[in-house]
Number of protein chains: 2
Amino acid sequence: MKYAQEDAVEKATILFWKKGFQGSGMRDIQQALDMRPGSIYARFQNKEGLFKLVVEQYVAHSKDKLQSVADSDTPLLSLREFFKTALINPDELRYMRQCLLVKSITELELIGDVGKKAVLEGMVLLNNCFANIIEKAIETRELQETTPVAFAADWLQNQFVGLRAFAILQTDNSAIEKMIEKVLYDLTKQWPTE
Amino acid sequence: MKYAQEDAVEKATILFWKKGFQGSGMRDIQQALDMRPGSIYARFQNKEGLFKLVVEQYVAHSKDKLQSVADSDTPLLSLREFFKTALINPDELRYMRQCLLVKSITELELIGDVGKKAVLEGMVLLNNCFANIIEKAIETRELQETTPVAFAADWLQNQFVGLRAFAILQTDNSAIEKMIEKVLYDLTKQWPTE
DNA sequence: AATTTACTTGAACGATCGTTCAGATATGTG
DNA sequence: CACATATCTGAACGATCGTTCAAGTAAATT
């Protein structure tokens, strides 16, 4: 039963990821989850309640992945691999290149307060994960000690957002790889002084 | 009459920019343009036809602005100002921080082929504008001669996308300014070798 | 002034939207 | 086996969606 719930949320994630909140109709959801409307509403309250769970699971999952990057012996090398697997994937999984959170931000005004809150809190949480990675990379001397942690975390999250928008339009994987290299390059070099 | 058309498209732009293609209902559009459904359909064919004109006008407008950056004596300084005015604006114009094209990309699958084409062609066209700016900045010696033009254009467009997603969440303008400085810094410095 | 042409109007269409709820079915308990 | 409880079902609701079109109004032409 608890498994069925997580499984349902996972299926809903694919749908919302592909079509967005507004673009995913209840009938799409019913089909994707193989559940009838009554069951969905009994379990998830409403469409937004389901969306909230989707976002939370997505964030938790992303957090785990970023955490294991931070826990690596060479966080910066792991970060490169993380970028690659997130941004380069077969065509039928292309929708995953877009970040679900960023996609949701573009339709934030159309989502209710509950979903909105989940999205924004998710962004903050993942920002912390990026900060952890940078701190860890300073410890391992992969990054300079002078790297401004909080700012670099914002910057890194930013780069990820830009990269994902870039990757979704790209057919050429090597262009994406080059872009990843530039990000890591700029991360390791000197930062502008205030 | 021709003026009225451009004026109508401009009003539609604000709506689509705020609410997206899917999120803007025909009744919202009717209200924004102060036109009845029949007139709208007579003039623009359908919702997607209007959207296409909106995108084309948006791209043309953006192109002009980027062109005048390239035509400046100091393109890189102008670019900084361009970023600032695009990303920092009063709260009631916050919706403008998001790029209309990028916002449209996130709902590309829900827009018809006509609108889709306009969006993708717009991205390519603006990419060329970024390339022009970089070429011009090399001429003025603001950028190193070794700067890889096409790649830097992709990268710059990317940065712009990331910055806009960042700016829309940000309340602190100085954080945005710092991020702009980092972009310009990374642009002028050495690029990673292949 | 009469007639043609160009444009606007707004009620109405069928489709789809998110949501509800009375009844059917399955599961747990004594 | 009888009964209580939890879960699921699917027809149906009112609202809203994009769109159409016969009728009305304004402008241009003769």
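Lettering follows sequence order; numbering is per chain, from 1.
- Here F151(A) pairs with W191(A) under the ring pair (Phe, Tyr, Trp, His ring centres under 6.0 Å) rule; sequence neighbours left out.
- Heavy-atom minimum distance, E142(A) versus P75(A): OE1-CD, 2.8 Å.
- For Q159(A), the side chain to side chain contact (heavy atoms under 4.5 Å, CB included) partners two or more places apart in sequence, or in a different chain, are W155(A), V183(A), Q159(B).
- Other residues, nucleotides and ligands contribute more than 12 heavy atoms inside 6.0 Å of the CD atom of Q144(A).
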Let me have the donor-acceptor pairs involving side chains of residues 120-135 of chain B, under 3.5 Å, with sequence neighbours excluded, atom names and distances please.
from	atom 1	to	atom 2	distance (Å)
N127(B)	ND2	D154(B)	OD1	2.8
N127(B)	ND2	Q157(B)	OE1	2.6

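- With side-chain heavy atoms closer than 4.5 Å counting as contact, directly or through intermediates, Y185(B) stands alone and belongs to no larger hydrophobic cluster.
- Shown here are the side-chain hydrogen bond (donor to acceptor under 3.5 Å, both in side chains) partners of K116(B), two or more places apart in sequence or in another chain: there are none.
- No more than 12 heavy atoms of other residues, nucleotides or ligands lie within 6.0 Å of NZ in K52(A), so this atom counts as exposed by the packing criterion.
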Please enumerate all protein N or O atoms sitting under 3.5 Å from an N or O of nucleotides 23-26 of chain C, with distances to 0.1 Å.
none

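- Sorted by first and then second residue, the ring pair (Phe, Tyr, Trp, His ring centres under 6.0 Å) pairs involving residues 83-111 of chain B (not counting sequence neighbours) are W17(B)-Y95(B), F83(B)-F160(B).
- Grouped with L110(B) in a hydrophobic cluster is no other residue, since no side-chain heavy-atom contact under 4.5 Å to another Ile, Leu, Val, Met, Phe, Trp or Tyr is found.
- Taking only side-chain nitrogens and oxygens, S39(A) never comes nearer than 4.0 Å to OP1 or OP2 of dT7(D).
- Of the residues in residues 44-55 of chain A, those placing a heavy atom less than 4.0 Å from an atom of DNA chain C are N46(A), K47(A), in numerical order.
- Per the geometry, OH belonging to Y41(B) stands 17 Å off P belonging to dA11(C), to the nearest Å.
- Of all the residues in residues 16-28 of chain B, S24(B), G25(B), M26(B), R27(B) reach under 4.0 Å from DNA chain D with at least one non-hydrogen atom.
- Listed in residue order, the members of residues 29-38 of chain B having a heavy atom less than 4.0 Å from DNA chain C are R36(B), P37(B), G38(B).
- Applying the salt bridge (Lys or Arg N to Asp or Glu O under 4.0 Å) rule to K11(B) yields the partners D7(B); only residues at least two apart in sequence or on another chain are considered.
- Whole-Å rounding puts the I40(B) CD1 to dC7(C) P distance at 16 Å.
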Next on the checklist: Using salt bridge (charged side-chain N to carboxylate O under 4.0 Å, His left out), reason through E177(B) and K84(B) one step at a time and then give a plain yes or no.
Outcome noted: CA-CA 7 Å; E177(B) 290 196 47; K84(B) 281 189 188 175; 3.6 Å; yes
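- One atom, CZ of R43(B), and another, C1' of dT9(C), lie 14 Å apart when rounded to the nearest Å.
- Taking every heavy atom of both residues into account, R97(B) and R164(B) meet most closely at O-NE, 2.6 Å.
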